[in-house]
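Some notes on the structure that comes next.
On a predicted model such as this, the values are computed, not experimentally measured, just so you know. Residue numbering restarts at 1 for every chain, and letters A, B, ... go by the order of the sequence lines.
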Number of protein chains: 2
Amino acid sequence: MATGRTHRPATRSRGIPEATVARLPLYLRALTALSERSVPTVSSEELASAAGVNSAKLRKDFSYLGSYGTRGVGYDVEYLVYQISRELGLTQDWPVVIVGIGNLGAALANYGGFASRGFRVAALIDADPAQAGKMVAGLPIRHTDELEAIIEDNQVSIGVIATPAGAAQEVCDRLVAAGVTSILNFAPTVLSVPDGVDVRKVDLSIELQILAFHEQRKAGEDLGGAVAPTSLPKAAVDRSERPGPDGDVPVVMPA
Amino acid sequence: MATGRTHRPATRSRGIPEATVARLPLYLRALTALSERSVPTVSSEELASAAGVNSAKLRKDFSYLGSYGTRGVGYDVEYLVYQISRELGLTQDWPVVIVGIGNLGAALANYGGFASRGFRVAALIDADPAQAGKMVAGLPIRHTDELEAIIEDNQVSIGVIATPAGAAQEVCDRLVAAGVTSILNFAPTVLSVPDGVDVRKVDLSIELQILAFHEQRKAGEDLGGAVAPTSLPKAAVDRSERPGPDGDVPVVMPA
DNA sequence: CCTTGTGAATCGTTTCACAGCA
DNA sequence: TGCTGTGAAACGATTCACAAGG
């Protein structure tokens with residue numbers, strides 16, 4: 001979910017629900033695969049199962065875009081690909097910059113999924129002068145000093161932050177000051193941004209922690225009961241038991 | 001959200017809402033930072049703002065865990081760190097394997113956030129024989145042939161898939177057959193898994209597409225109207241207009 | 001007859017607002 | 001007095017079930 005308090009609460013016109021927007025890329029991927037196999041039409045049932053959702057949800061989602069199906073038949077694949085692409089804004093070109101070219105930044109730079117949608121990596125930026133000039137994914141790494149100029153020259157409105165947590169807020173501030181209004185943040189920090197700027201967060205360690213929660217539950221069920229003594233009296237907890245957490249996350253990469 | 005149809009619908013005992021579970025790691029991070037600065041207590045207001053949520057939500061979330069605060073005062077930082085860690089299952093050790101050691105897999109292997117929570121990278125696995133034996137993040141890359149043995153020897157229940165999309169389902173099947181019951185999937189595919197296996201998905205390109213949607217909206221608003229002719233008659237769309245999408249995503253890395 | 005599109009019912013989450021307690 | 005804990009209200013998303021329409 002976007003972190004910054006954004007998203008017009010009023011405006012009330014073509015309101016596509018957030019949950020629906022988040023699924024459109026999923027449908028698009030499934031449709032693209034069908035399109036490659038030259039499948040002309042799909043039913044909501046088929047497409048839903050390819051996208052990993054149920055058909056009622058899919059139909060409701062599509063109903064927000066308009067009436068693009070044919071009753072008794074299904075949806076025209078090419079037509080839907082086009083409609084969803086347009087709705088998502090992928091029929092235009094989006095230059096993005098990636099800041100922080102460690103392993104993660106490099107992985108992102110090499111990621112084919114960007115180019116094949118409307119995204120074009122306009123520049124790779126890193127704070128380490130020693131990295132400057134090195135080629136990654138066919139692009140030279142440029143130094144942070146050039147950040148503002150790069151944003152302006154390329155009309156970049158989307159920035160990807162793949163720096164260590166400590167650097168993220170400063171990078172974010174500079175991106176925003178230079179005109180970026182959407183940020184994809186891989187650093188494990190809460191970024192604060194002015195109104196009108198969207199932040200989305202991808203946090204590897206959080207995803208694992210959620211898995212661990214469910215995993216623990218499963219283990220508990222195998223034994224047929226609650227896993228841990230869930231409610232021991234507060235006084236019983238020895239403060240030194242967990243000896244004061246072990247230094248938080250040097251984070252993703254030396255950037 | 002988890003993709004596989006999982007999550008016990010019945011059981012009905014200590015039901016912590018999914019939305020709450022997903023925020024616990026966030027609180028934990030904020031609390032850990034406070035703990036390092038030796039802050040003894042926080043109010044819901046302070047902690048909420050550090051975690052980027054509002055205080056009512058945070059209090060409701062904590063109320064599912066129990067009554068861990070003190071009215072008029074706030075929450076004991078160390079105590080809460082411990083309670084949340086335990087609830088998330090982070091007081092135990094979780095061995096994980098990472099399959100697919102391209103740039104992304106390497107970034108994950110180097111990611112400090114794993115070790116500092118209860119996660120231990122038990123092995124790195126790649127299908128490329130030429131990679132086998134190379135050291136990444138202090139661990140040797142091992143060949144896919146060894147996958148089953150590694151899982152068993154290390155009692156691994158959590159697997160991370162960072163392979164190209166084409167390989168993901170097969171890797172997933174092998175992981176599950178070998179006993180893995182939680183999967184974090186970075187490949188842009190819908191994985192199908194048997195009941196009882198949890199899948200969480202991180203998709204870089206989807207996040208960007210969601211940003212593009214909102215970005216487009218902003219651009220449209222600047223001009224004070226709808227961006228695109230949102231509803232043109234179906235017949236008007238020339239099928240050859242978007243010439244059949246350009247090959248989906250070679251994906252993350254040559255793995 | 002088949003599949004879409006959608007009101008209405010349901011479910012889960014968030015927010016409000018205040019009683020309860022240190 | 002101040003902040004937690006929580007019922008109750010509001011909101012949003014999902015699912016149901018069926019009428020509409022090719």
Rounded to whole angstroms, how far apart are [atom1] on [X] and [atom2] on [N]?
| X | N | atom1 | atom2 | answer |
| --- | --- | --- | --- | --- |
| A:Tyr79 | C:dT4 | OH | C1' | 15 Å |
| B:Tyr75 | C:dA22 | OH | P | 15 Å |
| B:Leu47 | D:dC3 | CG | P | 14 Å |
| B:Leu58 | C:dC16 | CG | C1' | 16 Å |
| A:Tyr64 | D:dG12 | OH | P | 11 Å |
| B:Asp61 | D:dT6 | CG | P | 13 Å |
| B:Arg23 | C:dT15 | CZ | C1' | 12 Å |
| B:Ile16 | C:dT13 | CD1 | C1' | 15 Å |

With sequence neighbours excluded, tell me which residues meet side chain to side chain donor-acceptor pair (under 3.5 Å) with [X].
| X | answer |
| --- | --- |
| A:Asn54 | none |
| B:Thr20 | B:Asp61 |
| A:Ser44 | A:Arg59 |
| A:Ser43 | A:Glu46 |

**OP:** Specify the residue among B:Gly74 and A:Ala19 whose closest nucleotide of DNA chain D lies further upstream toward the 5′ end.
**Re:** B:Gly74
**OP:** Answer with base, sugar-phosphate or nothing: what part of the nucleic acid does A:Phe62 contact at a heavy-atom distance below 4.0 Å?
**Re:** nothing
**OP:** For nucleotides 15-22 of chain D, just jot down a letter per nucleotide in 5' to 3' order: B, S or -, based on protein non-hydrogen atoms under 4.0 Å.
**Re:** B-B-BBBS
Subject >> Neighbour count >12 (heavy atoms, 6.0 Å) for atom CD, A:Glu45 >> reply: no
Original post:
With sequence neighbours left out, what residues match A:Tyr75 under ring-ring contact (aromatic ring centres under 6.0 Å, His included)?
Top reply: A:Phe62
